[in-house]
Structures are given as structure tokens and as C-alpha cells.
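What follows is a short report on a single structure.
Chain A is the first sequence line, chain B the second, and so forth, proteins listed ahead of strands; every chain is numbered from 1.
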Amino acid sequence: MPELPEVETTRAGIEPHLLGQTVAAVEIRQPRLRWPIDPKLPRLLKQQRIEQVGRRGKYILIQVGDGTLILHLGMSGSLRITDPTLPMRKHDHAVMTLSGGKQLRLHDPRRFGALLWWEGDPADHPLLAKLGPEPLAPDFDGAYLHNASRHRRVSIKPFIMNSQVVVGVGNIYANEALFLAGIHPGRSAGRISRQRHDKLAISIQQVLRKAIRYGGSTLRDFVREDGQPGYFSQHLHVYDRAGEACSRCGTDIRKATLGQRSTFYCPRCQR
DNA sequence: ACTGGCTCCTGAGGGC
DNA sequence: TGCCCTCAGGAGCCAG
């Protein structure tokens with residue numbers, strides 16, 4: 001399930017294949033994603049030169065001459081760079097053929113992803129305008145988290161998963177970061193001290209940086225642009241480890257539901 | 001202004 | 001072997 005590390009792994013993987021290339025053709029095979037793909041997209045992109053492959057939160061931004069292709073992988077999406085002769089797979093919903101001959105294919109079985117066209121500054125797009133800071137940027141720290149959480153009663157886990165608070169932290173890394181910080185996922189965000197928010201901000205950055213180094217986490221279907229899985233899954237301390245011994249104290253990892261999401265934590269290490 | 005619940009979708013996995 | 005059920009989840013949207 002693509003969170004920031006998986007999206008960044010994908011972005012960095014496709015970037016060298018796209019930069020400076022021209023879009024030769026775009027084929028929409030299944031327009032019904034989270035929002036319908038604009039039928040004009042192939043025409044809008046044709047002959048456009050790819051100038052930048054960026055990222056904002058979990059959105060990949062492919063900037064061409066006249067605008068930006070905004071791409072979200074949802075929970076089951078992946079992008080691959082392939083040879084055009086490779087047969088299409090089920091759920092290959094959109095295909096971009098590049099001037100150099102390779103193809104960029106969007107594969108997304110659950111179709112929670114999105115492929116949108118935007119002319120103008122991507123930061124002004126309604127989906128991006130209200131996003132919180134990037135967790136790996138200097139403006140994200142304990143002071144910010146502490147300030148943003150005052151008088152908020154929501155549990156800390158859904159709080160850090162809220163993209164208006166900070167982008168890119170999904171269920172896996174929220175669980176992991178709270179474990180590293182020793183904070184119980186159900187604790188009210190507004191009742192966490194400045195010092196513990198410092199530790200949480202650092203833990204979020206640590207777990208995301210490390211996951212990016214390992215190419216993200218592959219649980220079910222995430223693959224990199226070359227089809228390889230990510231290798232961070234084996235470094236997860238609590239996620240999907242209910243009943244296993246805590247790596248720090250040996251207590252059984254517990255599973256609970258918080259904000260309709262599976263939550264894993266060590267009842268002894270996390271308070 | 002917040003908060004929690006619902007929703008989209010398909011495939012994996014478990015029970016019988 | 002096959003069928004049915006449950007669960008997984010990003011994030012917009014809505015009601016209270």
C-alpha cells in the first residue's frame with residue numbers, strides 16, 4: 001500500500017526514464033479510477049515534453065509543457081517502465097508511450113488511484129492546496145506537531161495520518177513511528193507533551209527515510225518501476241505482527257481498531 | 001471547527 | 001475444489 005516511501009521510490013525510479021522524453025501516445029484502457037480519467041487526456045499529453053517528475057505527499061506530479069499530470073496510486077497502484085512488446089496485464093489502466101520507445105504503465109487492481117490533468121501551479125489544485133508539510137522537510141518538527149495538535153482530542157494515530165496535518169504517513173508508518181516514539185496510538189493528540197512530539201517527529205522521519213532506503217514495503221502488491229518489491233517489510237516492528245513478541249521487551253504485540261484502521265502496538269513500550 | 005463513519009474497488013485468505 | 005464471508009486501505013465526503 002503506497003505511502004510516502006513507496007511513492008518516492010516509484011517517483012525516483014521512473015524519473016530517469018521520463019525526463020526529457022516526449023509523450024508519443026497515451027492509451028486509457030479503464031477510465032474508471034477514483035475519478036474518471038478525462039477522455040481528453042491523450043490529446044492533451046501528446047507531443048508534450050516531460051520537464052519534471054515531482055512529488056507532493058503521495059501525489060506524483062509529471063510536469064509537461066502545458067500542465068501537470070497528477071497521479072495517485074491509491075492503495076494498490078503501481079507504475080512500471082516496460083518494453084511495449086510486453087503483454088498488457090489485467091488492471092493496466094493507462095499506458096504512456098515515450099518517444100524513446102519505452103512505456104509507463106499504471107496498474108491498479110482496486111482502482112482507488114487517480115490520474116488527473118491540471119494546468120497551472122499544482123499547489124493550487126484542490127487536492128493539493130490544503131495539504132500539510134512534507135515530513136522530510138525542515139518545517140516539520142516537534143514544535144509544529146505540538147502546535148498543530150493543541151486542543152485536538154483525536155487519537156494521535158489518525159492525527160498523524162491526516163494529510164492536512166502532515167502528508168505521506170499512512171497506516172504502516174504511523175504504527176511504526178508511534179512504536180519508535182513509545183507513544184500509545186490511542187492517546188489524545190492534544191495531551192501529548194512537547195518533548196514527546198519532538199520524539200514523534202524524529203521517529204516519523206527516521207522510519208520514512210529508512211523505508212525509502214529499502215525501496216519501500218511490499219506487503220501484497222507494491223512493486224517498484226522495474227517490477228522489484230520493496231524490502232522494508234522485514235524491518236517492521238509492529239505492523240501486521242499481532243501476537244508476536246515485541247522486539248524491545250518481548251510483550252505480545254496487540255491489534256486494535258482505531259479510526260477504522262488496524263492498529264498494532266506494544267502495550268508495554270507504548271504509553 | 002472537529003470528529004467519526006461511510007464509501008469507492010478487487011483479491012487474498014479463512015472457514016466449512 | 002468451491003463457495004461465501006471478511007478484511008485490507010487513501011482520503012474525499014458528509015452528518016452531527
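Going from atom CD1 of A:I172 over to atom C1' of C:dA11 covers 16 Å, rounded to whole Å. Distance A:N162 CG to C:dG10 C1': 12 Å, rounded to the nearest Å. One atom, CG of A:N175, and another, C1' of C:dG10, lie 15 Å apart when rounded to the nearest Å.
Ranking C:dG9, C:dG12, C:dA11 by closeness to the A:S262 side chain, first place goes to C:dG9. Closest to the A:M161 side chain, of the nucleotides C:dG12, C:dG10, B:dG11, is C:dG10.
Nucleic acid contact for A:K90: sugar-phosphate only, since backbone atoms but no base atoms lie under 4.0 Å from a heavy atom of the residue. Residue A:K157 is out of contact with every strand shown, counting any heavy-atom pair closer than 4.0 Å. Among the atoms of the strands shown, none is found under 4.0 Å from any heavy atom of A:F159.
Between the side chain of A:S188 and the backbone N or O of A:R153, at least one donor-acceptor pair lies under 3.5 Å. In this structure, the side chain of A:S149 does not engage the main chain of A:N147 through any donor-acceptor pair within 3.5 Å.
Environment of CZ in A:R89: crowded, with over 12 heavy atoms of neighbouring residues, nucleotides or ligands closer than 6.0 Å. In the displayed structure, A:K46 atom NZ is contacted under 6.0 Å by at most 12 heavy atoms of other residues, nucleotides or ligands.
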Exercise. Taking protein heavy atoms under 4.0 Å as touching, what does nucleotides 4-9 of chain B look like 5' to 3' if B marks base contact, S marks sugar-phosphate-only contact and - marks none?
Worked result: SB--BB
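Near DNA chain C, meaning a heavy atom under 4.0 Å away, there are no residues from residues 141-148 of chain A.
Under 4.0 Å is where a charged nitrogen must lie from a carboxylate oxygen, and between A:R55 and A:E8 at least one such pair does.
Axis angle between the ends of the helix from B:dC2-C:dG16 to B:dC16-C:dG2, five pairs each and rounded to 10 degrees, works out to 50°.
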